[in-house]
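The structure presented is a predicted model; accordingly, all values stated were derived computationally and were not measured. Order of the sequence lines fixes the chain letters, A, B, ..., with proteins taken first and strands second; residue numbering starts at 1 for each chain.
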Amino acid sequence: MSTDSSDLFGALFEAPPANRTVPVLVPMPAPRPYSYSVPEGMAVEPGSVVQVPLGPRQVIGVVWDGVEDDVDPKKLRPITHVFDCPPLNKEMRDFIDWVAAYTLSPPGLVARMALRAPNAFEPEPMVEGLRFVGGEPERMTPARARVLDTAAEGLSWTRTGLAHAAGVSTSVVDGLIARGIFETIFLSPPPVVAEPDPDFIGSRLEGPQKEAAEEILDEVRKGEFAVSLIDGVTGSGKTEVYFEAIAETLRRGKQVLILLPEIALTASFLERFQDRFGAKPAEWHSDLAPRMREKVWRQAVTGEVRVVAGARSALFLPFENLGLIIVDEEHDPAYKQEDRVYYNARDMAVVRARIGDFPVVLVSATPSVESQVNGQSGRYSTIHLPTRFGDAALPDLHLVDMRRHAPERGGFLSPVLVRAIGKTVEKGEQALLFLNRRGYAPLTLCRVCGHRFQCPQCSSWLVEHRFRRQLQCHQCGHSEPTPEACPECGTLDHLVACGPGVERIAEEVERHFPDARTIVLSSDIMGGVKRLRLELDAIAKGEADIVIGTQLVAKGHNFPLMTLVGIVDSDLGLANGDPRAAERTFQLLSQVTGRAGRTGLKSHGLLQTYQPQHPVMQAIVSGDARAFYEREISERERAILPPFGRLASIIVSADTRHDAENHARGMRNAAPQVSGISVLGPAEAPLALVRGRHRFRLLVHGRRNSDMQAYLRAMLSQAPKERGSVQVQLDIDPQSFL
DNA sequence: AGCACGCCGACT
DNA sequence: GTCGGCGTGCTC
């Protein structure tokens with residue numbers, strides 16, 4: 001065929017110049033990319049961030065790899081716009097595809113997680129600045145002289161900045177610009193954070209910490225995929241150890257991502273980082289100001305930002321050249337995202353490192369059973385840090401057998417614990433009472449007819465919040481004012497609160513210690529995060545004697561004067577039907593008791609329990625977690641894993657018919673042969689976890705993603721009865737698919 | 001996911 | 001008589 005455009009004959013008989021078409025991932029639950037045509041003169045490549053028409057609106061999409069499908073060419077619409085933004089690299093695209101396949105999520109929705117920065121796709125606007133050209137104005141005035149003096153002290157100034165610094169109004173500066181003394185230049189906007197310096201201060205590690213750091217540094221120097229698990233008690237210097245891995249990665253010119261559970265992303269963490277590197281990392285989390293969000297996203301893609309510390313969503317930032325991921329508090333359930341795309345950021349971090357061929361470091365004082373198993377099998381290299389750093393001593397921990405040390409009638413604190421609190425407060429030290437239960441009482445009933453207050457929407461008990469005079473459902477958020485009469489029998493003033501919440505413990509504490517300064521900390525304190533930070537600071541400064549808190553006191557915060565930790569109900573959570581109940585309890589209790597004794601003061605922990613022989617209790621007081629993990633691993637193998645050696649847990653949720661069909665389609669497309677799936681059906685499933693709406697949870701054995709899909713296909717034959725959709729959370733060890 | 005369309009119940 | 005609830009269908 002002729003390529004000579006002057007050949008009229010050829011031109012007439014050739015097809016009109018067919019526009020190139022490309023696959024584009026759009027932010028909607030389609031199983032694969034849509035095809036769009038590329039207008040003449042537009043340059044796109046896989047990874048390009050584009051704007052495309054979708055139905056009535058314009059959406060952000062990403063040009064994808066692969067061949068276009070055979071969609072009716074008449075339906076093809078052109079790409080509207082290509083953003084002036086570095087394309088998502090192959091590594092990122094592979095990661096998105098992998099996560100989509102693994103989580104059975106539409107790839108477009110996974111891609112969308114990487115593009116969560118609405119206005120960041122065009123370059124940041126240049127900042128207008130002034131440059132001193134030279135010369136002097138014909139008429140020199142005192143104000144003008146001041147401006148010239150001031151300008152000489154710096155290299156570049158903004159118009160208002162210079163005026164402000166010189167103490168004159170902007171019109172003086174404008175006058176000098178008009179006379180050509182200054183010229184306007186455009187500067188690239190300042191980086192969002194200063195560049196961290198790996199050698200800002202040298203490593204101060206010694207002994208086991210130094211050895212641990214060396215081990216990880218070896219991996220970092222190799223610069224290949226490797227998973228290390230740092231397993232060390234609270235205060236053992238885990239952070240300092242992984243800081244060295246970060247330093248080495250920075251020296252190698254690569255970017256670093258530090259993942260933290262949202263709640264651990266505190267000012268004190270950022271300051272620790274700054275002390276070591278001379279600058280803070282960029283932050284990434286859900287309530288980052290939009291402007292900042294854009295900047296961080298943009299500077300992550302361009303490689304300007306070297307270190308990002310973020311919550312799980314930071315894992316989907318399209319870094320330019322990521323070279324290390326740290327997953328701190330690796331065991332934390334907050335790494336699981338449980339809506340839209342279901343994923344565990346810890347596992348996906350391992351996957352991202354594998355795809356990018358760089359090291360990943362998991363860090364925890366109480367590793368997840370999964371990571372522990374991977375450590376034992378040699379898939380992860382484990383680094384133990386058994387001792388505390390510096391002068392911090394671990395607290396002395398004791399169990400209080402509640403059968404022998406019963407609390408007084410109507411109370412929940414044993415005499416042993418009450419005495420210990422008294423002594424602590426006398427010495428001017430602080431006591432922490434931990435109870436993982438918000439509100440006043442978890443159950444309210446009528447003494448006359450036995451009526452129990454239940455949530456009208458989801459059938460779980462309503463929790464009394466006496467302070468707010470409300471009954472609340474902690475499952476679905478429903479709340480109603482606390483009535484005075486029983487709605488069943490109408491009797492007045494015969495409602496009785498059953499069991500303790502933090503508010504009720506506070507009441508008891510005030511009865512025992514009316515003069516002590518008491519603070520209750522739970523997620524429903526008024527005033528939000530800001531207020532919480534203030535309270536935490538106040539506590540750290542010693543402005544409280546007794547702190548009563550739920551799990552939010554367990555994370556990240558150091559209270560230097562805290563020398564007593566009392567766990568009001570250590571057994572809470574052991575019997576809620578969750579297969580991870582024991583593990584979670586162990587982790588939580590370790591974290592809470594670890595709050596004490598971090599500055600060298602002799603400290604104690606008292607754990608009230610009705611099950612002193614329980615392996616969790618034994619592990620906590622002995623400080624020897626090994627036996628506990630051994631038991632936990634074999635327990636899980638026995639209960640769930642035997643034929644296949646992997647655990648999968650699936651949440652099937654029933655919401656709308658529409659979603660059910662979408663997922664069904666996806667699964668039908670995928671499902672190859674099935675090998676042995678056994679089901680612990682809804683009856684055995686830990687309902688407590690997902691109580692509410694039309695949800696139930698299922699545990700399934702299977703080795704492969706396809707097993708899950710096949711199972712779900714079977715499941716669908718029942719799903720219509722539930723009027724529902726099927727959403728899936730795969731909670732399998734992702735390494736089995738690498 | 002978002003958005004439009006369309007069909008039935010309580011109000012300006 | 002309309003407003004608005006959500007059930008349904010559609011998007012290259």
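Here the side chain of A/L109 is nearest to one of B/dC3, C/dC12, B/dA1, namely B/dA1.
Rounded to whole Å, atom C1' of C/dC12 lies 17 Å from atom CH2 of A/W64. The distance between atom CE of A/M28 and atom C1' of C/dC10, rounded to the nearest whole Å, is 8 Å. Residue A/Q51 contributes atom CD, which lies 14 Å from atom P of C/dC12 at whole-angstrom precision. A/Y36 places its OH atom 5 Å from the C1' atom of C/dC12, with the value rounded to the nearest Å. Rounded to an integer number of Å, the gap from CD1 of A/I60 to P of B/dG2 is 13 Å. C/dT11 atom P lies 20 Å from atom CZ of A/R112, rounded to whole Å.
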Between A/L324 and A/L257, is a side chain to side chain contact (heavy atoms under 4.5 Å, CB included) present by the stated rule, with each step listed? CA-CA 6 Å; A/L324 175 69; A/L257 169 63; over 6 Å; no
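Legend: residues meeting side-chain contact (heavy atoms from CB on, under 4.5 Å) with A/Q551, ordered by chain and number and at least two apart, are A/F434, A/N436, A/K555, A/R584, A/L588. For the side-chain contact (heavy atoms from CB on, under 4.5 Å) test, residues two or more places apart in sequence or in another chain that qualify with A/V50 are A/V24, A/V44, A/S48, A/V52, A/V63, A/I79, A/V82.
Regarding contacts with the backbone of C/dC12, a side-chain N or O of A/R77 is found under 4.0 angstrom from either OP1 or OP2.
Heavy atoms of A/R57 sit under 4.0 angstrom from at least one base atom.
Distance alone, capped at 3.5 Å, places no donor-acceptor pair between the A/R20 side chain and the A/E40 backbone.
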